[in-house]
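Worksheet for the structure shown next.
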Amino acid sequence: MRLFSIYQILFDRYGQQHWWPGDNAFEIMVGAVLTQNTAWANVERAIDGLRRKQLLNAEGMAACSPEQLAQVIRPSGYFNIKAKRLQSLCHWLIGQGGVAALARYDDASLRQLLLSVHGIGPETADDILLYACQRPVFVIDAYTRRLFSRLALFQGDEAYDDMRLAVQEALSKNTVSSAERVPLFNEYHALIVRHAKIACRKKSPRCDQCCLRVLCPSASVLSSNVV
DNA sequence: GTCCAGGGTTCGT
DNA sequence: ACGAACCATGGA
């Protein structure tokens, strides 16, 4: 209940974020790997480079040498390890029969498969599930932990899946179907990232801005500990 | 010059 | 199970 109120506050303040930037599912998957611990502006340069070199497809990227691929994605940082991660993703996708063939898996099965790919951890897997595959999975990142712990909804150091499932469960009460959850989870995560860019970085201060009190001064929803 | 960005793997304890 | 080192560019 409170989680949904926070979503509404964020949406009223920032509006639609139009995530994920990208023309197709494959490009979104590539962006999910490239943005690991990396500013998005640097990811865009890497993706532009891939497009110029005609490498923005699974077959081309898989056939490329790791060294050459690394040079193309250089602006995104960690280029040597990300080149290998992109290729393990591409080999996996080709083995599955392409992006469209992923539709045959249920949400939990596809999540397990993605996590088995080298270089894809919980957050990258959930980015792919939600934004590329349109699955109702809530993405937990450092910003999410920071905001929800500041609002006393979570302690902040919960295990990834504990937090993810708790958020999904809480928001399921505001939605009746998966078709409603996908756009809600999509927008919610994007809004948290958007809000994080104007909130203070530190953990302790809890200023009115990062606690959303500026956004909703009389919000009683922000003063309880119950999710 | 320092900090950090839309994380994950590996290797000690 | 948990922490630390490692990966590396570019903007503030």
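Each chain gets a letter, A, B and so on, in the order its sequence line appears, and its residues count up from 1.
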Can a donor-acceptor pair be found, under 3.5 Å and without considering hydrogens, that links the side chain of [X] to the backbone of [Y]?
X: A:H195; Y: A:L191; value: no
X: A:Q17; Y: A:G15; value: yes
X: A:R104; Y: A:A101; value: yes
X: A:T35; Y: A:A32; value: no

Mind checking the [atom1] distance from [N] to [M]? Whole angstroms is fine.
N: B:dC4; M: C:dC7; atom1: C1'; answer: 15 Å
N: B:dG8; M: C:dG10; atom1: P; answer: 22 Å
N: B:dG6; M: C:dA4; atom1: C1'; answer: 23 Å
N: B:dT2; M: C:dA8; atom1: C1'; answer: 16 Å

If the plane angle is over 60° it's perpendicular, under 30° parallel, otherwise tilted; pick one for A:W19 and A:H189.
perpendicular
Parallel, tilted or perpendicular: which fits the ring planes of A:F138 and A:Y188, with parallel below 30° and perpendicular above 60°?
perpendicular
Is the shortest distance from a Lys or Arg side-chain nitrogen in A:D126 or A:R111 to a carboxylate oxygen in the other one below 4.0 Å?
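The answer is yes: the pair qualifies as a salt bridge.
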Between A:R51 and A:D48, is there a salt bridge with N-O shorter than 4.0 Å?
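Answer for the salt bridge query: yes.
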If you walk 5' to 3' along DNA chain C, what is the first nucleotide with an atom under 4.0 Å of a heavy atom in chain A, and what is the last?
C:dC7 to C:dG11
Per-nucleotide protein contact along nucleotides 6-13 of chain B, 5' to 3', at a 4.0 Å heavy-atom cut-off (B base, S sugar-phosphate only, - neither), is BBBSS---
